[in-house]
Amino acid sequence: MKLWGGRFAKATDALVEVFTASIGFDRRLYRQDIQGSIAHTKMLVRQGILSPTEGEKIIAGLQEIAGEIERGQFTFTAAREDIHMHIEARLQEKIGPVAGKIHTARSRNDQVATDLHLYVKEETAAVLALIAELQGTILHLAEKHLGVIMPGYTHLQRAQPILFSHHLLAYFEMLERDWQRFRDCARRADSSPLGAGALAGTSFPIDRHYTASQMGFSSCYRNSVDAVSDRDFVLEFLAAAAILMQHLSRFCEELILWSSQEFAFIELDDAFTTGSSIMPQKKNPDVPELIRGKTGRVYGNLIALLTTMKGLPLAYNKDLQEDKEPLFDTVDTIKNCLTIFAPLLASLEVKEETMERAAAEGFANATDAADYLAKKGVPFREAHRVVGNIVRYCLEEEKGLADLTLEEFRRFSPVFGMDITGVIQTKSVVAARESYGGTAAGQVERALKEGWELLAQKQEKPGP
Ligand code: ARG
């Protein structure tokens, strides 16, 4: 007999049972479901809707059920549809008809929304900690290789030399925004829908603020229809996750490029790479490739739920059951990716000399030769043209800018003086970029210091 079976003259078709069941995935919410039910029961007792003895029986039964599930002694079946029905039906087996009182002034609609809010809050806290850990790894790496110069790229063409640490710290900043986004998302999830009932509220004298505070929520939904219809907090989590994966994926793409023989800027640790079944020489960057690849499913999960939500009339519709699998998959995926990324980064070998050699080649100092002329009063456009001509000359002569004599420079402009040689050294080129947020050592050291300060603040005040 179904818990809702009273109105039905026929048994549910077996196909329907299997088709509508969510127990295969929503069993993951059992802890949150029991937590919500305990808070609800306490409130019912407090408000005189249940007797204290009834409340005690229900709560003791719920706690036993939590233990059974944890020990793997709980039977799941499609006939009981979802986690809410499973727990209530089991409670009935354990304590008899009084179990039926637990659903007073409650609907599965506000129940499932409550479970999901608790779940998103918890998982967001876990994700925030993992992001902060990865940020710490980046700061360590940047600190370890402070002073190492690499070519900075635009269009994947060598552009201007920068500190390797400066490049790494760009990822620190991206992750900082991710951290802020998840924290923001946790704030919105921090609101209790419990007590909204099916959609309209309830005629029982409940206390929604009490249940909210029992579950650790700092507020309640103001509108009962909104409370059971809203999945914005899930969408926000999925959107924050999609942007996070975009960042990890770009970082991975660079690690893959840099570890190719063509770049050879880094070498990934043996423990974080894999071999080929046919080519004995191969050492493949499977881990960054997989992170890059998994970005697709995380984007897909966001689009899936956005599409499910589009056009849903208020309030609850069974379509909303489709919110869970994308959310769970994204939670697992981003936690796995963040967890493996930190030790992967911490263990990589940086080939400092190859990077510096690459930075010295490819005319990455050409802007500085033009800036030199501009600082001596030549309009920048003119300076740009002059240096462009010099680069063409160098290409013909197979020389770098730093190989030219003063006499050669002067053939292109009489403004060049002895000091040009110092200005276009790779080290001077980097050191000169002292503008706020630039790549000069002083700026990068400040960014590092501020990065550590940001992380320390998170330690003091983690979570949302
Ligand atoms: N399994 C359902 C879900 O995930 C729980 C809510 C069911 N509510 C209902 N009115 N059928 O959304």
Side-chain angles (χ1 to χ4, degrees), residues 1-8 12 21-23 26-119 121-122 192-217 220-221 224 227-228 316:
M1 183 68 170
K2 296 271 186 268
L3 289 173
W4 40 255
R7 186 230 177 276
F8 292 79
T12 317
S22 53
I23 190 61
D26 69 10
R27 64 174 73 179
R28 192 191 278 234
L29 296 173
Y30 80 90
R31 260 194 315 107
Q32 290 81 5
D33 199 67
I34 289 173
Q35 188 188 350
S37 289
I38 290 177
H40 182 65
T41 308
K42 281 189 186 164
M43 183 277 294
L44 292 177
V45 172
R46 197 163 175 264
Q47 299 299 104
I49 302 166
L50 292 192
S51 77
T53 338
E54 289 169 334
E56 274 161 33
K57 270 194 188 160
I58 291 174
I59 291 172
L62 287 170
Q63 282 162 344
E64 279 173 34
I65 293 172
E68 289 174 7
I69 299 177
E70 253 138 47
R71 291 190 298 274
Q73 292 164 345
F74 190 91
T75 321
F76 295 100
T77 153
R80 284 183 178 171
E81 196 176 333
D82 58 25
I83 188 63
H84 325 294
M85 296 299 213
H86 271 76
I87 291 173
E88 194 182 322
R90 179 71 186 127
L91 192 64
Q92 209 156 68
E93 286 169 8
K94 291 175 90 70
I95 65 169
V98 65
K101 296 203 173 189
I102 195 185
H103 215 52
T104 314
R106 187 175 77 171
S107 153
R108 270 190 297 159
N109 300 348
D110 59 342
Q111 191 178 355
V112 70
T114 303
D115 295 2
L116 217 52
H117 278 78
L118 288 169
Y119 175 81
K121 268 183 72 178
E122 272 176 41
S192 169
L194 192 61
L199 77 165
T202 173
S203 56
F204 288 95
I206 61 167
D207 183 347
R208 291 191 55 208
H209 299 283
Y210 176 77
T211 47
S213 76
Q214 281 293 303
M215 293 183 286
F217 285 112
C220 297
Y221 273 77
S224 64
V228 290
Y316 180 85

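Residues: numbered from 1 along the sequence shown. Since the model is a prediction, treat every value here as computed from it, not as a measurement.
Here CG of Leu116 is found 11.0 Å from CG of Asp33. Values are rounded to the nearest 0.5 Å. The OG atom of Ser37 lies 9.0 Å from the NE2 atom of His103; values are rounded to the nearest 0.5 Å.
Closest heavy-atom contact between Ile102 and Leu62: CD1-CD1, 3.9 Å. Residues Ala39 and Met215 come closest through the heavy atom pair CB-CG, 3.6 Å. Heavy atoms only, all atoms of each residue included: Arg208 and Cys220 are closest at O-SG, 3.5 Å. Summarising the geometry of Ser192 relative to Phe217, their closest heavy-atom pair is CB-CD1, 3.5 Å, with the distance given to 0.1 Å. Minimum interatomic distance between Gly197 and Asn109 (heavy atoms only, all atoms of both residues): O-CB, 4.1 Å. Nearest heavy-atom pair across Ala21 and Ala78 is CB-O, 4.0 Å.
For the side-chain hydrogen bond (donor to acceptor under 3.5 Å, both in side chains) test, no residue two or more places apart in sequence or in another chain qualifies with Gln35. A search for salt bridge (Lys or Arg N to Asp or Glu O under 4.0 Å) contacts involving Arg46 returns Asp207, not counting sequence neighbours. In this view, Ala99 and Leu91, Gln92, Ile95 satisfy the side-chain contact (heavy atoms from CB on, under 4.5 Å) rule, not counting sequence neighbours. Every side-chain hydrogen bond (donor to acceptor under 3.5 Å, both in side chains) that Ser22 has, sequence neighbours left out, goes to Asp26, Gln321. Taking Lys2 as the reference, Glu17 meet the salt bridge (Lys or Arg N to Asp or Glu O under 4.0 Å) condition, with sequence neighbours excluded. With sequence neighbours excluded, the residues forming a side-chain hydrogen bond (donor to acceptor under 3.5 Å, both in side chains) with Glu93 are Arg80, Arg90, listed by chain and number. Not a single side-chain hydrogen bond (donor to acceptor under 3.5 Å, both in side chains) links Glu88 to another residue, sequence neighbours left out. Legend: residues meeting salt bridge (Lys or Arg N to Asp or Glu O under 4.0 Å) with Asp82, ordered by chain and number and at least two apart, are Arg108. For Ala200, there are no side-chain contact (heavy atoms from CB on, under 4.5 Å) partners two or more places apart in sequence or in a different chain. Residues passing the side-chain contact (heavy atoms from CB on, under 4.5 Å) test with Leu199 are Val228, Ala315, sequence neighbours excluded.
Side-chain contact between Tyr210 and Gln47 is absent, with no heavy-atom pair separated by less than 4.5 Å. Side-chain contact between His40 and Gln111: absent, with no pair of heavy atoms (C-beta onward) separated by less than 4.5 Å. Taking the side chain as every heavy atom from C-beta outward, Tyr119 and Arg31 never approach each other to under 4.5 Å. Considering only heavy atoms from C-beta on, Met43 stays 4.5 Å or farther from Gln214 through its side chain.
Without hydrogens or angle criteria, Arg27 side chain to Ile69 main chain gives no donor-acceptor distance under 3.5 Å. The backbone N or O of Leu194 sits nowhere less than 3.5 Å from a side-chain atom of Asp110 that would complete a donor-acceptor pair.
Residue pairs meeting the ring pair (Phe, Tyr, Trp, His ring centres under 6.0 Å) criterion with at least one partner in residues 48-91, sequence neighbours excluded, are Phe74-Phe76, Phe76-His86. Contacts classified as salt bridge (Lys or Arg N to Asp or Glu O under 4.0 Å) and involving residues 54-63 (residues at least two apart or in different chains) are given here: Glu54-Lys101.
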Residues Leu50, Ile58; criterion side-chain contact (heavy atoms from CB on, under 4.5 Å); working and verdict: CA-CA 10 Å; Leu50 292 192; Ile58 291 174; 3.8 Å; yes
side-chain contact (heavy atoms from CB on, under 4.5 Å) assessment of Ile38 paired with Gln63: CA-CA 9 Å; Ile38 290 177; Gln63 282 162 344; 4.1 Å; yes
